[in-house]
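Being a predicted model, the structure only gives us computed values, none of them experimental.
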Amino acid sequence: MNRTEQITNTTSNEVVNDAVRFGRAYMFPFSLNEGVWICFQENKRAVRVFVTDISINGIQLSGSWYSWEELEKNGGVYESEFDALKSMS
């Protein structure tokens, strides 16, 4: 049985190259259970939430799913409160 495995320093270049070639390699911007800041442009506020799941098409923040396009329209997701507030100005 194949399982999902994290790419690490010990992963061979052949395995990494195969994953890229077959379209199975993705870079996710955040880790699960990481605290991030989501911006809401209409309310001019930033809210701290936790990443509960990530997919190719979107991200689940504190239990609510958002598409990447929806987040971009709202103002984005940031690792720090400073970056979130800076993006709203």
Side-chain angles (χ1 to χ4, degrees):
M1 177 176 85
N2 292 333
R3 296 179 181 220
T4 301
E5 295 181 31
Q6 182 177 7
I7 295 175
T8 65
N9 291 338
T10 60
T11 305
S12 72
N13 285 339
E14 180 182 344
V15 171
V16 173
N17 290 337
D18 285 345
V20 171
R21 186 172 61 244
F22 293 121
R24 297 186 315 224
Y26 297 94
M27 291 177 43
F28 293 112
F30 306 107
S31 300
L32 296 180
N33 299 321
E34 179 180 1
V36 295
W37 292 85
I38 183 173
C39 293
F40 294 103
Q41 291 289 15
E42 64 274 358
N43 299 339
K44 293 288 187 189
R45 66 184 186 134
V47 178
R48 183 172 167 85
V49 293
F50 288 91
V51 178
T52 49
D53 200 1
I54 298 178
S55 76
I56 298 166
N57 299 316
I59 187 169
Q60 188 178 38
L61 301 172
S62 294
S64 298
W65 279 99
Y66 299 93
S67 70
W68 294 114
E69 293 79 19
E70 180 182 6
L71 286 173
E72 189 174 323
K73 201 168 31 174
N74 276 338
V77 177
Y78 299 91
E79 291 185 67
S80 74
E81 183 179 17
F82 177 75
D83 291 337
L85 294 173
K86 188 170 71 171
S87 76
M88 291 191 296
S89 57

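To the nearest 0.5 Å, atom CD of residue E81 and atom CH2 of residue W37 are 3.5 Å apart. Note that CG of L61 is 4.5 Å distant from CD1 of I59, once rounded to the nearest 0.5 Å. Expressed to the nearest 0.5 Å, how far CZ of R45 lies from CE of M88 amounts to 9.5 Å. In this structure, SG in C39 is found 7.0 Å from CG in L85, a value given to the nearest 0.5 Å. Of the inter-residue distances, the one linking T11 atom OG1 with Q6 atom CD reads 8.0 Å to the nearest 0.5 angstrom.
In this structure, E72 places its CD atom where only 12 or fewer heavy-atom neighbours from other residues, nucleotides or ligands lie under 6.0 Å away.
Residues in residues 12-30 take part in these salt bridge (Lys or Arg N to Asp or Glu O under 4.0 Å) pairs, two or more places apart or across chains: D18-R21. Screening residues 59-69 for side chain to side chain donor-acceptor pair (under 3.5 Å) gives T52-Q60 as the qualifying pairs, with residues at least two apart or on separate chains.
V77 is connected to F40 through a chain of hydrophobic side-chain contacts under 4.5 Å among Ile, Leu, Val, Met, Phe, Trp and Tyr, so both are in one cluster. Linking ILVMFWY side-chain heavy atoms closer than 4.5 Å, directly or via other members, places I38 and V36 in a single hydrophobic cluster.
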Please tabulate, for the side chains in residues 26-33, all donor-acceptor contacts under 3.5 angstrom to protein atoms that are two or more places apart in sequence or on a different chain.
| residue | atom | partner | partner atom | Å |
| --- | --- | --- | --- | --- |
| Y26 | OH | G23 | O | 3.2 |

